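These notes are about the structure you will find just below.
Chain A is the first sequence line, chain B the second, and so forth, proteins listed ahead of strands; every chain is numbered from 1. Quantities reported herein were computed from a predicted structural model and do not represent experimental measurements.
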Amino acid sequence: MNPAESCTTIPKEDPKTVPPALSKLVEFFGQRLASEPFGRDLSVSAGLLPAGGSLPEGAVCVDVAEGCRAWARLSSLRPECWPAGALAALARGWGEAYASNEREILLMEELAVDWESLQALYDLSADLQSALRPQEMLKRILGRAISNEPALRAVLLVVRDGVLGPRAMQNLDFCADLDPAVGLIGQCVSEQRSLVLQGHDQIAAAGTPNEPWNGSTSLALVPITTAARGLFGLIAVWRYDGAPGFNSYFVRLLEALGQQAALIVESDRLNRTLLESERLRQEIFIGSLIQQLLLIGAPPAASVRLEVANLALPSQTVDGDFIDMFAHPDGTLDVLIGDVMGKGIPAALLGAATKTHILRALAEKSLELSSGETPSPEDIINCASDAIGTDLVTLERFVTLCYARVDPTARRLTLVDCGHPSTLHYCAQTGEVVPLRGDGLPFGVLPGERYIQIEAALEPGDMLLLYSDGVTEAKNPQKELYGEERLTATLRICSHLSAAGLLSEIRNRVMEFCGDEPLGDDFTCLALKIRPDHAEPAGEVTILSSYSDLEKMRHWASSTLEGDAASELGDEIKLGLTEVIVNVIRHGYHEEPGHPIQIRAEHDAKSLVFYVEDWAGEWAMASIPEPIFTGEQDGGFGVFIVRSIFEDVILNRSEDGRNILRLSKSRKK
Amino acid sequence: MDFTTETVNGVTVVTLQGETLDASNAKALKTDLVPVLAPGAKLVFDMKGVRFVDSSGLGALLSCLRQVHSSGGDLKLCEMGKAVRALFELVRMHRIFEIYNSRDEALRSYSAGA
């Protein structure tokens with residue numbers, strides 16, 4: 001594959017009018033694509049930048065000739081692997097490399113009088129294409145600078161953290177950092193030009209004793225600057241033997257070599273950044289595995305009265321955020337969210353240990369009570385705190401957590417707060433968000449701490465949001481925190497959504513706020529919504545997974561059909577929906593009663609459309625073969641009937657694990 | 001689903017009482033009908049009051065039909081509503097069951113055949 005042809009696009013002008021300078025840019029990017037292992041994922045577009053024109057998004061601007069500016073931009077065939085920021089950074093790097101290459105070509109043209117130097121540059125250009133390690137290449141560049149003459153010394157100094165450090169050297173052993181503001185270096189840097197000095201006295205007078213060339217008799221000092229980073233470093237070559245000094249051609253050669261050195265170091269840095277991001281991706285992957293397997297409990301199937309959803313996004317380092325949920329047989333749900341102070345695998349393990357202790361406390365306390373009674377949240381937490389608190393104090397670790405019990409029948413919330421961020425309670429009646437907060441200390445702060453539960457009344461439509469501080473402490477590039485106030489506002493605005501919908505909206509809003517800033521902390525939250533009861537909208541009905549609810553469903557379906565209810569069409573719809581629901585109950589919920597099935601009607605003038613949603617996990621209406629029509633078999637007609645009645649039967653799975661079956665039938669006969 | 005039975009000229013007429021025969025009551029009906037499905041029984045199911053049958057209800061009827069056939073008896077249906085008839089036609093069971101418009105026609109078919 002020749003990437004210059006297949007991957008690059010030249011603007012849709014007449015190719016004959018494309019300036020050669022722009023073609024060169026496109027060709028340069030094409031070569032880079034070809035030489036990079038990931039090149040086949042990327043493509044380049046480029047064009048000229050008209051005077052006063054604005055740069056396309058994510059593009060870099062490069063001077064391609066006197067007064068002629070071009071832009072180039074990378075795009076990815078796999079955008080999930082190449083976020084816009086990474087592509088822009090890569091394009092910037094290549095843009096710099098291009099600019100530096102152009103300067104080098106200019107220098108080589110000037111140097112054409114000196115064949116030997118030209119040869120050196122050609123050889124080095126060939127080296128650059130080879131797979132030498134950067135350190136080897138830099139040493140080779142310096143070797144060229146001194147033509148491997150033993151009397152000459154050479155050093156490449158590179159700016160890092162405000163000082164100049166030796167990056168490569170020849171015939172020399174030197175390791176000190178140098179101040180770019182003093183001595184000959186200071187002079188060279190401030191004047192931004194090469195210096196050639198002759199004679200021991202002159203060098204000693206202008207220099208400082210700690211400069212490596214102190215005591216030399218001839219010195220050439222060449223600053224290296226790049227368009228993007230300003231001063232990059234210096235190349236110095238000197239000798240002690242009093243032999244004749246360096247001429248201006250030699251200085252030009254050093255300038256060219258300096259540009260190449262900058263190119264090598266920058267491309268090495270860019271590669272390292274890429275490798276680093278790959279390593280981080282791996283770490284995040286492992287971290288998220290640990291989180292999903294050990295720390296984040298799966299939400300129980302939704303009940304008729306309560307919706308639950310959780311969201312856990314691991315940060316770049318493994319954190320100890322954890323979530324757990326226990327469903328009681330009467331529909332009450334206990335939820336637990338916690339955050340271990342500290343990072344890494346120890347924090348993750350401590351998170352898992354805390355979860356286990358709380359589960360054990362729940363079991364122990366339940367055994368102490370007579371059957372049917374449930375231990376209170378404060379009993380569970382005090383028992384767990386007694387078991388693990390002292391160990392945490394010894395380990396000098398602490399854990400913040402919140403244990404909440406939601407009873408959707410009694411409409412009551414009981415909550416124990418152990419130093420965790422406030423639980424946000426959206427009250428549907430007032431439209432306000434109330435932060436719920438106890439005054440308990442985190443586990444591990446004070447041995448023997450007694451925790452007291454707080455209570456709040458819940459109403460249909462109310463929502464509860466529990467989260468870790470990773471959510472409110474997410475930062476934007478200006479280092480501002482997302483904060484509880486923004487989160488509260490998001491909850492208020494999104495209170496009409498489902499629990500899962502709220503979390504996905506929170507995720508979107510926080511990500512938008514953060515921009516390119518990575519998450520510093522695990523992002524964990526859990527949402528609960530008390531379903532409005534009996535106030536079902538006309539176009540929607542929720543039934544339970546038992547056959548006795550079929551009649552209720554048919555009654556509802558008739559109400560959505562209005563004039564068509566008593567017609568043949570209405571009969572067919574009722575039959576088709578019955579077969580679907582029977583399938584959900586039989587094959588989805590395995591005839592286990594009490595699970596919700598939601599049916600929604602979205603009819604329009606042309607067709608009748610129903611959505612049937614269940615929370616039965618992964619299952620699909622069997623694609624069983626054609627039924628036997630000879631009467632030898634009792635069953636097998638259900639799916640056939642559904643497919644005969646509805647023109648379209650489409651199954652989707654939502655992100656929060658619902659199965660959504662879309663059924664449609666046109667109104668015309 | 002409840003039902004009543006009466007015998008007319010050696011034919012047992014089973015009148016199904018209830019508008020719906022679906023997954024919620026098909027199994028129970030099948031069990032309840034066992035005593036009626038005696039070997040060699042001549043049966044007519046009067047479906048007059050039944051307004052809705054689903055595939056589970058149909059399955060129960062088919063099961064009865066097979067059982068009666070295997071013991072040399074017969075089962076005929078009559079007075080079937082529009083929606084129920086549509087289901088039978090959809091899954092082609094109108095070709096398996098003998099279906100008569102009225103109870104008399106169904107009874108007559110037994111005497112004509114006898």
Side-chain angles (χ1 to χ4, degrees), chain A residues 543-555 557-558 561 564-589 591 593 597 621-622 624 626-646 669, chain B residues 1 17-31 33-34 37 43 45 47 49-71 73-77 80-99:
Chain A
I543 61 165
L544 291 178
S545 54
S546 68
Y547 298 127
S548 54
D549 267 16
L550 286 170
E551 189 58 46
K552 176 182 172 190
M553 181 279 298
R554 282 193 292 266
H555 183 76
S558 295
L561 295 171
D564 287 323
S567 70
E568 218 170 279
L569 183 68
D571 289 340
E572 285 187 336
I573 292 287
K574 279 179 268 182
L575 175 61
L577 284 175
T578 301
E579 300 299 341
V580 168
I581 305 297
V582 167
N583 242 280
V584 173
I585 297 173
R586 188 168 294 157
H587 302 296
Y589 289 124
E591 301 193 334
I597 302 167
M621 264 206 316
I624 52 169
E626 283 274 291
I628 299 169
F629 296 112
T630 56
E632 289 159 29
Q633 231 175 41
D634 300 350
F637 298 114
V639 176
F640 172 80
I641 293 173
V642 174
R643 297 205 181 273
S644 307
I645 289 175
F646 294 104
K669 301 278 157 69
Chain B
M1 179 180 248
Q17 314 251 307
E19 292 193 0
T20 302
L21 175 54
D22 67 2
S24 67
N25 56 3
K27 236 185 223 169
L29 177 70
K30 218 164 86 176
T31 318
L33 280 171
V34 168
L37 309 176
L43 296 167
F45 280 16
M47 314 268 294
V50 183
R51 302 180 59 174
F52 183 86
V53 176
D54 75 350
S55 67
S56 309
L58 179 75
L61 297 177
L62 267 172
S63 156
C64 293
L65 179 73
R66 275 207 320 277
Q67 202 175 324
V68 191
H69 276 177
S70 67
S71 68
D74 205 356
L75 164 61
K76 305 184 181 192
L77 305 177
M80 201 179 262
K82 184 169 58 83
V84 180
R85 173 86 196 185
L87 165 71
F88 273 69
E89 286 177 7
L90 182 64
V91 294
R92 299 166 214 177
M93 287 303 116
H94 60 301
R95 284 164 27 192
I96 305 299
F97 285 96
E98 274 184 56
I99 303 171

Handout entry: Part of A:T578 lying under 4.5 Å from any heavy atom of chain B
Key = side chain
Handout entry: Non-hydrogen side-chain atoms of A:F640 and B:V91 separated by less than 4.5 Å
Key = yes
Fill in the blank from the handout: Here the pair of heavy atoms bringing B:K82 nearest to A:S567 is NZ-C, 4.3 Å
Problem - Most contacts with chain A, counted as non-hydrogen pairs under 4.5 angstrom, among B:L65, B:L61, B:D54 - result: B:D54
Problem - Under 4.5 Å from a heavy atom of chain B, the part of A:I581 involved - result: neither
Problem - Largest heavy-atom contact set with chain A, pairs under 4.5 Å, which of B:R66, B:M93, B:R95, B:H69 - result: B:R66
Handout entry: From CZ (B:F52) to CZ (A:R554), nearest 0.5 Å
Key = 4.0 Å
Practice task
Using non-hydrogen atoms and a 4.5 Å limit, figure out which bit of B:V53 sits close to chain A: side chain, backbone, both or neither.
Solution key: backbone
Completion exercise
So, the part of B:T20 with a heavy atom under 4.5 Å from chain A: the answer is side chain
Problem - Structural part of B:I96 lying under 4.5 Å from a heavy atom of chain A - result: side chain
Problem - Gap between atom CG of A:L575 and atom CG of B:D22 - 0.5 Å precision - result: 10.5 Å
Practice task
Determine whether the side chains of B:S24 and A:E551 contain a donor N or O and an acceptor N or O closer than 3.5 Å.
Solution key: no
Problem - Part of B:A23 within contact of chain A (heavy atom distance under 4.5 Å) - result: both
